[in-house]
Amino acid sequence: MNDTSTFMKRQVFLLTLVPVVLLIFGIYHGLLQTLYRAGIIQASSFLGIEYYQGLTAHGVINAIVLTTFFAVAFGHFLVFRLLKEAPNAKAVQASTRLMLLGSVLAALAIFSGKANVLYTFYPPLQAHPTFYVGLTLAVVGSWVAFYSWIPVYLNFRKRHPEQKTPMGIVGIFSAFIVWQIATVPVAVEILFMLLPWSLGWVDEVNVTLARTLFWFFGHPLVYFWLLPVYVMYYTMLPKLAGGKLYSDFAGRFVFLAFCVLSAPLGLHHQFADPGISSEWKGLHTVLTSLVAVPSMLTAFTLAASLEYAGKKRGAGGVLGFLFYQPYFDRKKWLFPYLMCGLILFIFGGATGIVNASFSVNKVVHNTAWIPAHFHLTVGGPVFLGILGMSLKLLAWSRGVAVKLTRAAYMVPYLWVCGVMTMSSGQFIGGLLGEPRRTNLGLTYLNRSSEMFRSDWQFSTMMAVVGGVIMTIAMITYFVIFFHTLRQTESAEEEIEFAEPLHDEDIGFVRNFRPWVIAGAIACVIAYAPPLLEIFRTQSGGAVAYSPSSPVPVQGSQQK
Ligand code: HAS
């Protein structure tokens, strides 16, 4: 093995190991959430960690740190493997260091109780400056990783002008183009609003503007989570199923369409916010229905690919192919991680469309329905894809084989049982009006409180049962991960890419540039008018609050 390969493997190893270790805390605080909410814990803190502190750790670790570290690690792997050249070593190292430093700073702020602001860090909740600085460094680190891949890609294009860019590269570059677009507004929010406010340089913050900039970031963020997993779906799943990708064009079109459609629709998270006219919310509703199209296209393309594989094995009938897949093949233990994710995404996607309806959103907004939706999207296909591929990357980077593969393929099935049970409870609770982000054990699920709601007992207990099953799945996963980590015997873990069945050669999906330009124009059209409206109509701002008190915080957090 040469030095470059050793170096790349070491970086991928670090970027895979660190978030999985942090995930132990992330998962623990997830379980605690279900216990607080069902009234099994009736206190504002448990083992020295406060409810909102734990919820912040849960969201930041699982939804921001794990996903970003994974995307960079997987991107390094794809660039190195598919373009057969390593990115600049200094840039790669600087990126890893920035991400690690940023995460340590953010973790210090959270675990010292000075950043109880949840993963959305909406003002007027205020965190210690190290939280904002930490997040910024982690994001800048991920930018540096992306910039280090661009010269490698350009070299590849120069050396192989007639060859198509490998689909995995189109996918991971699309993810980072979406990330680049998304992180500009949140950088503006943090650097020009939240950080000066947290440092005490200004007393007040414009909440509507901050929330709008956050959701300008927050919605494309979900596609930044999703696209690396779509890379696995398009480039690996058909091969694991024993077939081919039904259409090469469909995959490329889907990735590039996300570069245009991911960002200009964040107002669907703010339907209930005052200060933004219905016209702009309506426009974002229409754009939201458009972003479901690439996912519907994905559903059809993947179903066709699975059908091709199933029929090759002798399946008949319309849905017979579903019974001819390698669900229990130990050698193909990655298959159920991807397939279970797809099944969960059917429900996650459908409930997303419910959320996106301007009027129906009023019924579900800020209720337990919303975490149910996102545990079937980011906690479904995204999380399972990350878990499966992290095992592969760990083995690849250490030159060993994944161990305990029988247990490895059971993890996604357990996870599906757990997350479906938990989310069903949350969907039911949400429709009964159960609020999200609330320590119900102090009030509504506490028999001694006059606010006690007996009709929320069943749904919250269902969430506990789901949460316990999910925790068992994750304990199993950690055992497999750390057992594989301890292996010393050299072996090669297979990571294979699928060939296309229909290899269409269509010019307009060969170049990123027109899609990026269209994405930028779409953002200006969708966001310039509401932002101008906010600037024109807002007066005054908000002082800092903490999530557990209705009165403002005295002085800023860092004092
Ligand atoms: Fe969402 C809230 C709308 C997708 C994550 N979403 C959230 C939040 C998160 C999140 C984290 O419009 C909470 C934010 C917070 O803390 O406040 N979401 C949508 C829509 C989609 C969508 C329209 N969301 C996602 C994805 C996420 C994610 C993906 C993470 C990765 N979401 C919303 C809205 C809100 C929201 C509102 C705000 C609600 C509120 O009031 O606060 C769409 O992109 C969904 C399209 C997907 C599909 C599914 C395609 C199905 C596939 C599987 C096929 C299966 C096969 C297997 C092939 C249409 C690809 C074969 C098997 C057979 C049986 C045939």
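Hydrogens, waters and symmetry mates are skipped; everything else that's a heavy atom, side chains included, is used. Both counts, for ligands and for their atoms, begin at 1 and track the order of listing. Numbering of residues begins at 1 and proceeds along the displayed sequence.
Against a heavy-atom cut-off of under 4.0 Å, V382 is close to the following atoms of ligand 1: 31 (C). The contact set between ligand 1 and V378, taken as ligand atoms under 4.0 Å from a residue heavy atom, comprises 30 (C), 31 (C). Atoms of ligand 1 lying under 4.0 Å from any heavy atom of I370, numbered from 1 in the order shown and given with element: 13 (C), 39 (C), 40 (C), 41 (O), 42 (O). Residue contact check: W225 has heavy atoms under 4.0 Å from atoms 11 (C), 30 (C), 31 (C) of ligand 1. Set against the non-hydrogen atoms of A299, the atoms of ligand 1 under 4.0 Å away are 52 (C), 54 (C), 58 (C), 60 (C). Every atom of ligand 1 is numbered from 1 in the order shown, and the set under 4.0 Å from a heavy atom of L226 is 29 (C). Less than 4.0 angstrom separates some heavy atom of M296 from each of these atoms of ligand 1: 59 (C).
Residue contacts with ligand 1 include W215, since one or more of its heavy atoms lies under 4.0 Å from the ligand. Every heavy atom of Y233 sits 4.0 Å or more from the atoms of ligand 1. By the 4.0 Å heavy-atom criterion, Y223 is counted among the residues contacting ligand 1.
Between the side chain of D248 and the main chain of P500, no donor-acceptor pair closer than 3.5 Å is present. Proximity of a side-chain donor or acceptor of T367 to a complementary backbone N or O of W369 within less than 3.5 Å is detected. Distance alone, capped at 3.5 Å, is enough to place a donor-acceptor pair between the W415 side chain and the G379 backbone. In terms of modelled atom types and a separation under 3.5 Å, the side chain of S423 and the main chain of M420 share no donor-acceptor contact. Although no hydrogens or angles enter the test, the distance criterion places a donor-acceptor pair under 3.5 Å between the side chain of Y52 and the main chain of R437.
With a cut-off of 2.8 Å, atom 1 (Fe) of ligand 1 has an N, O or S atom of H373 in range.
Annotation for F300: atom CZ does not count as buried by contact number, only 12 or fewer foreign heavy atoms lying within 6.0 Å. Taking a 6.0 Å sphere around CZ of F25, one finds it holds 12 or fewer heavy atoms contributed by other residues, nucleotides or ligands. Taking a 6.0 Å sphere around CZ of F271, one finds it holds more than 12 heavy atoms contributed by other residues, nucleotides or ligands.
On a distance-only criterion, V291 and ligand 1 share no N/O pair closer than 3.5 Å. Geometrically, ligand 1 and N361 share a nitrogen or oxygen pair separated by less than 3.5 Å. On a distance-only criterion, H269 and ligand 1 share no N/O pair closer than 3.5 Å.
Residues V178 and P220 come closest through the heavy atom pair CG1-O, 3.4 Å. Between S142 and V72, the shortest heavy-atom contact is CB-CG2, 3.9 Å.
Closest protein heavy atom to atom 12 (O) of ligand 1: A356 CA, 2.9 Å. Of all protein heavy atoms, the one lying nearest to atom 45 (C) of ligand 1 is G349 CA, 3.7 Å. Given atom 19 (C) of ligand 1, the protein heavy atom at minimum distance is G352 CA, 3.5 Å. Regarding atom 31 (C) of ligand 1, its nearest protein heavy-atom neighbour is V222 O, 3.4 Å. Nearest protein neighbour of atom 42 (O) of ligand 1, counting heavy atoms only, is H365 ND1, 3.1 Å. Nearest non-hydrogen protein atom to atom 65 (C) of ligand 1 is L322 CD1, 4.4 Å. From the protein, the heavy atom lying nearest to atom 34 (C) of ligand 1 is N355 CB, 3.3 Å. The nearest protein atom to atom 52 (C) of ligand 1, hydrogens excluded, is given as F345 CD2, 3.6 Å; this is a heavy-atom distance.
Judged purely by distance below 3.5 Å, without hydrogens or angles, the side chains of T212 and Y527 never pair a donor atom with an acceptor atom. Looking at S459 and E434, their side chains do bring a donor and an acceptor atom within 3.5 Å of each other. For the residue pair E307 and Y246, no side-chain donor N or O sits within less than 3.5 Å of a side-chain acceptor on the partner.
For atom 14 (C) of ligand 1, the choice among F374, F321, Y119 with the nearest heavy atom turns out to be Y119.
The part of T288 lying near ligand 1 is the side chain, judged by heavy-atom distances below 4.0 Å. Residue contacts with ligand 1 for R436 involve side-chain atoms from C-beta outward but no N, CA, C or O (heavy atoms, distance under 4.0 Å). Of all the heavy atoms of L342, the ones lying under 4.0 Å from any atom of ligand 1 are found in both the backbone and the side chain.
Classification of E499 and K239 as a salt-bridged pair fails, no side-chain N sitting under 4.0 Å from a carboxylate O.
A side-chain hydrogen bond (donor to acceptor under 3.5 Å, both in side chains) with S247 is found for one member of H502, R252, E504 and no other, namely E504.
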